[in-house]
Amino acid sequence: MKGNAVAVCAPGLQEVQQMVCEQYTTTTEGTHIERPENQSVYKIGIYGWRKRCLYLFVLLLLIILLVNFALTIWILKVMWFSPTGMGHLRVMKDGLRLEGESEFLFSLYAKEIHSRVDSSLLLQSAKNVTVNACNSGGNVTGRLTVGPKMVEVQSQQFQINSEDGKPLFTVDEQEVVVGTDKLRVTGPEGALFEHSVETPLVSADPFEDLRLESPTRSLSMDAPKGVHIKAQAGKIEALSQMDVVFHSSDGMLVLDAETVCLPKLVQGTWGPAGSSQGLYEICVCPDGKLYLTVAGTGSTCHENSHICP
């Protein structure tokens, strides 16, 4: 069935203008429109096994992302991460703060280490604890090693101070200085000195004896202004295998006591009975040897001078 043709003419002057007509053709049902042959069809997208592999890969990435996120949350929880630190470690304005016991597998470098006010600082190791001090070049200038059997200090000078900064004990290559008012030795065998000792006072504890002894050599006490030996509640006893010598270069030897006993002095020839009335005279040989003679109206030392060698 064909459609009708409709002609529409615009009104106007017949002599000047031609009539222009537009013809509209309406195609009705049943009209056959031919398409060009060999027309190609292109499909856009991923189909088949490629699509399934892509979905599987995306799913695998999503699972890995979830596992990593869960592990991160678990690590943060186990290590006690917080805005101020991690675990027992806290970041403060003046440094780091560790609470409780902490273990360091390698070296620890710090400018200052101190404990809390109400607790002590404990450094513990299965073998030893070593503290090093280095200079700007990295060389070790001081070392403190605390081992299972010995405490070793390597430094040019070792010094122990009191709370107010007073040096109590100082050691260097030249001398050892004890800065306390009193040095107390509590060992039952006393103190052993291989060389000379210089001190203003040597005293024993109350109700204890003071003994100065040299088992194989001589014992010498020297002082520029004298040696003062005093026993307030006991006796003074000097024992020697050979000689006991009291020497004063400028002065005299004074034995000031209520009774001076010399029981083993050699006695000279006795005078007539009853002439001495129990009185004796002490004589001195040129070599310093002492001996007794019976006292007389005059000195009797020359009568017994044969005792001197």
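Since the model is a prediction, treat every value here as computed from it, not as a measurement.
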Can any side-chain N or O of Ser115 pair as donor or acceptor with the backbone N or O of Ser119 at less than 3.5 Å? yes
Could you tell me whether the side chain of Leu76 reaches within less than 4.5 Å of the side chain of Trp74, counting heavy atoms only? no
Answer with yes or no whether the hydrophobic clustering places Val146 together with Phe158; edges join I, L, V, M, F, W, Y residues whose side-chain heavy atoms lie under 4.5 Å apart. yes
Nearest 0.5 Å please: distance from the NZ atom of Lys77 over to the OG1 atom of Thr72. 14.5 Å
Please tell me whether Ile160 and Val151 are part of a single hydrophobic cluster in this structure, the criterion being side-chain heavy atoms less than 4.5 Å apart. yes
Are Gln157 and Val171 side-chain neighbours, meaning at least one heavy-atom pair lies under 4.5 Å? no
Mind checking whether Arg184 and Thr186 have side chains closer than 4.5 Å, heavy atoms only? yes
Check whether Ser125 reaches the backbone of Val129 with its side chain - one donor and one acceptor, N or O, closer than 3.5 Å. no
Take atom CZ of Phe169 as the centre, draw a 6.0 Å sphere, and report whether it contains more than 12 heavy atoms from other residues, nucleotides or ligands. yes
With rounding to the nearest 0.5 angstrom, report the CG to CG distance, Leu66 to Leu61. 11.0 Å
Tell me if the CG atom of Asp164 is crowded by more than 12 foreign heavy atoms within 6.0 Å. yes
Value for OH (Tyr291) from CD (Glu281), rounded to nearest 0.5 Å, stands at 8.0 Å
Is the count of non-hydrogen atoms from other residues, nucleotides or ligands lying under 6.0 Å from Asp205 atom CG greater than 12? yes
Go through it in stages, so that I can follow the logic: the residues are Leu292 and Ile282, the test is side chain to side chain contact (heavy atoms under 4.5 Å, CB included), and I'd like the CA-CA distance, side-chain angles, deciding distance and then a yes or no. CA-CA 5 Å; Leu292 290 177; Ile282 298 178; 3.6 Å; yes
Pair Arg143, Thr130 - check side chain to side chain contact (heavy atoms under 4.5 Å, CB included), show working. CA-CA 7 Å; Arg143 174 176 298 172; Thr130 302; 3.9 Å; yes
On a heavy-atom basis, the closest approach of Gly147 and Asn128 is CA-CB, 3.8 Å
Roughly how far apart are Leu144 CG and Glu152 CD, rounded to 0.5 Å? 9.5 Å
Do you reckon Leu210 sits in the same ILVMFWY cluster as Leu219, going by side-chain contacts under 4.5 Å, direct or chained? yes
Check step by step if side chain to side chain contact (heavy atoms under 4.5 Å, CB included) holds for Val227 and Asp222. CA-CA 7 Å; Val227 178; Asp222 300 328; 6.0 Å; no
Atom pair CG/CD1 of Leu123 and Ile113 - distance to nearest 0.5 Å: 7.0 Å
Pair Ile236, Lys230 - check side chain to side chain contact (heavy atoms under 4.5 Å, CB included), show working. CA-CA 8 Å; Ile236 297 175; Lys230 183 178 181 181; 5.8 Å; no
Are side-chain heavy atoms of Glu237 and Leu239 found at a separation under 4.5 Å? yes
Among the clusters formed by ILVMFWY side chains lying less than 4.5 Å apart, do Leu62 and Leu54 turn up in the same one? no
For the atom pair CD (Gln159) and CG (Leu168), what is the distance rounded to the nearest 0.5 Å? 9.0 Å
Please tell me whether Leu71 and Ile64 are part of a single hydrophobic cluster in this structure, the criterion being side-chain heavy atoms less than 4.5 Å apart. no
Surrounding CD of Gln156 (heavy atoms of other residues, nucleotides or ligands, distance under 6.0 Å), is the total greater than 12? no
